[in-house]
Amino acid sequence: MNVRLMMKKTVISMVAVCALFIAGVSMAEEIDRTLDVDKDARISISNLSGDVEVRGWNENRVHITGELGDDVEELIFERDGKNVTIKVKIPERSWGKKDVTSELNIRVPLKSSLNISTVSADIDVNGVRGEQRLQTVSGDIDVQAFDAEINAEAVSGDIEVAGNGSMAVWRFTTVSGDISANNLSGELQAEVVSGDIEVNRGTFERVKLETVNGEIEFNAGLRGGAKMDVESVNGSVDIKFSGDVSARFEIETFNGGIRNCFGPKAERTSRHAPGWELDFTEGSGDGRVTVETLNGRVTICKG
């Protein structure tokens with residue numbers, strides 16, 4: 001075999017290898033799409049993996065930028081009246097693959113309401129004033145709150161909500177993660193299986209905080225006639241009220257002490273058990289505060 005023929009075959013082989021390599025590598029798709037919508041549009045967003053970032057703006061249109069994963073089949077982006085659907089569609093064979101990871105940066109009208117669902121993706125919402133329902137399996141949720149109801153749920157992830165003190169209904173649930181609620185008011189329900197709950201600032205008329213394994217910290221105020229229920233299985237409870245409190249207090253621990261800055265002292269539940277209990281009234285007693293722990297101390301103070 002002569003040298004020229006050998007060189008020719010080598011070049012052909014190299015070209016074939018490069019072609020196979022290029023064919024096997026699909027490039028992620030850059031997206032930049034816009035749709036005119038109502039100022040109070042109802043927007044549904046679904047993304048399996050990656051990130052979803054939503055920002056409110058003073059325009060009656062939805063603008064999406066970002067990048068779709070290699071194995072994504074298509075981005076569904078459509079409107080039906082007030083309803084807007086944004087969905088990253090992937091083929092069934094690609095479930096669980098890293099190549100479906102998509103990054104969505106979405107601008108929506110300020111007064112929009114949101115319904116966001118992800119599996120393995122973080123959710124970040126800022127500047128949206130409508131009601132929000134945010135759900136993720138494995139990801140964190142970070143949201144700015146105004147005066148509309150927010151329901152945030154995660155299986156494995158933290159939930160952080162920051163408001164402006166406006167009254168609304170807030171419901172947060174995570175199995176494995178922490179919940180942080182800052183400057184909210186109205187009605188708050190926060191539940192964790194394994195993680196801490198922290199509430200700072202705001203004034204509430206209804207509060208329900210529950211954790212199985214974690215600590216609870218409440219540094220906020222109660223309105224007149226408010227009801228507050230706090231439960232922890234394994235973890236301490238620290239409550240510091242801002243402003244005056246008028247409520248009937250019922251506090252009980254199975255294994256943990258009670259520190260009360262309001263004056264009355266706790267008593268043993270039994271000579272043969274490590275638990276403590278404390279019942280007292282502060283102010284006119286028109287509200288109610290109930291605290292129960294299985295293994296953990298309780299501190300009740302006034303800031």
Side-chain angles (χ1 to χ4, degrees), residues 28-69 72-90 100-137 139-154 157 159-173 181-189:
E29 178 186 351
E30 298 287 339
I31 51 176
D32 188 343
R33 298 174 61 181
T34 303
L35 188 65
D36 292 332
V37 300
D38 293 337
K39 64 181 180 180
D40 56 348
R42 297 186 291 267
I43 301 173
S44 176
I45 303 169
S46 177
N47 184 21
L48 179 72
S49 175
D51 292 298
V52 175
E53 180 184 280
V54 182
R55 296 291 182 265
W57 65 350
N58 284 310
E59 297 192 30
N60 295 337
R61 58 195 182 100
V62 174
H63 181 211
I64 307 176
T65 58
E67 188 177 272
L68 299 180
V72 169
E73 185 174 316
E74 66 172 319
L75 175 67
I76 298 173
F77 184 28
E78 58 191 20
R79 171 187 175 181
D80 182 10
K82 287 182 178 289
N83 299 317
V84 177
T85 299
I86 302 169
K87 182 178 181 179
V88 178
K89 185 178 179 181
I90 64 171
V100 299
T101 298
S102 300
E103 312 294 330
L104 301 182
N105 303 302
I106 307 169
R107 294 274 190 167
V108 304
L110 291 173
K111 296 183 179 179
S112 301
S113 60
L114 300 175
N115 188 339
I116 303 177
S117 177
T118 72
V119 176
S120 179
D122 295 334
I123 299 173
D124 185 348
V125 181
N126 196 295
V128 181
R129 297 177 177 271
E131 293 184 0
Q132 300 179 42
R133 182 174 179 83
L134 314 173
Q135 298 175 293
T136 182
V137 176
D140 297 330
I141 297 175
D142 191 341
V143 57
Q144 182 184 26
F146 293 94
D147 56 358
E149 178 178 341
I150 294 179
N151 189 322
E153 302 176 15
I159 298 174
E160 184 171 351
V161 184
N164 61 0
S166 296
M167 298 278 292
V169 177
W170 323 99
R171 295 187 177 93
F172 312 135
T173 304
N182 300 286
N183 203 19
L184 306 179
S185 294
E187 181 178 326
L188 171 64
Q189 180 175 329

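Position 1 is the first residue of the sequence; numbering continues from there.
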_Tell me the closest heavy-atom pair linking Gly186 and Met167, and the distance in Å._
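Here Gly186 and Met167 meet closest at N-SD, 3.5 Å.
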
*Minimum heavy-atom separation for Glu103 to Asp51, with atom names?*
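Nearest pair, atom of Glu103 first, then Asp51: OE1-OD2, 2.7 Å.
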
Nearest 0.5 angstrom please: [X] [atom1] to [Y] [atom2], how far?
| X | Y | atom1 | atom2 | result |
| --- | --- | --- | --- | --- |
| Leu75 | Lys87 | CG | NZ | 11.5 Å |
| Leu104 | Ile31 | CG | CD1 | 5.0 Å |
| Lys89 | Asn47 | NZ | CG | 15.0 Å |
| Asn151 | Gln189 | CG | CD | 9.0 Å |
| Gln132 | Gln144 | CD | CD | 9.5 Å |
| Leu68 | Glu73 | CG | CD | 12.0 Å |

*Would the number of heavy atoms belonging to other residues, nucleotides or ligands and lying under 6.0 Å from CZ of Arg129 be above 12?*
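No, CZ of Arg129 has 12 or fewer neighbouring heavy atoms, counting only those of other groups under 6.0 Å.
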
Compute whether any side-chain donor of one residue and acceptor of the other, for [X] and [Y], lie under 3.5 angstrom apart.
| X | Y | result |
| --- | --- | --- |
| Asp32 | His63 | yes |
| Arg42 | Asn83 | yes |
| Ser44 | Thr85 | no |

Is there a donor-acceptor contact under 3.5 Å from the side chain of [X] to the main chain of [Y]?
| X | Y | result |
| --- | --- | --- |
| Arg171 | Thr173 | no |
| Asn164 | Ser166 | yes |
| Trp170 | Ser185 | yes |

Residue pair [X] / [Y], side-chain heavy-atom distance below 4.5 Å:
| X | Y | answer |
| --- | --- | --- |
| Ile86 | Ile43 | yes |
| Glu153 | Ile159 | no |
| Ile141 | Asp122 | no |
| Glu74 | Val72 | no |
| Phe77 | Val62 | yes |
| Phe172 | Leu134 | no |
| Val54 | Val108 | yes |

Presence of salt bridge, [Y] and [X], under 4.0 angstrom:
| X | Y | answer |
| --- | --- | --- |
| Glu131 | Arg133 | no |
| Arg55 | Asp124 | yes |
| Asp40 | Lys82 | yes |

*Check step by step if salt bridge (Lys or Arg N to Asp or Glu O under 4.0 Å) holds for Arg79 and Asp36.*
CA-CA 9 Å; Arg79 171 187 175 181; Asp36 292 332; over 6 Å; no

_Please determine whether side-chain contact (heavy atoms from CB on, under 4.5 Å) holds for the pair Ile150 and Val143, giving the CA-CA distance in whole Å, both sets of side-chain angles, and the decisive distance to 0.1 Å._
CA-CA 9 Å; Ile150 294 179; Val143 57; 4.0 Å; yes

Review item, side-chain donor-acceptor pairs of residues 109-119, under 3.5 Å, at least two apart:
residue, atom, partner, partner atom, Å
Ser112, OG, Pro109, O, 2.8
Thr118, OG1, Ala121, O, 3.0
Thr118, OG1, Thr136, OG1, 2.8

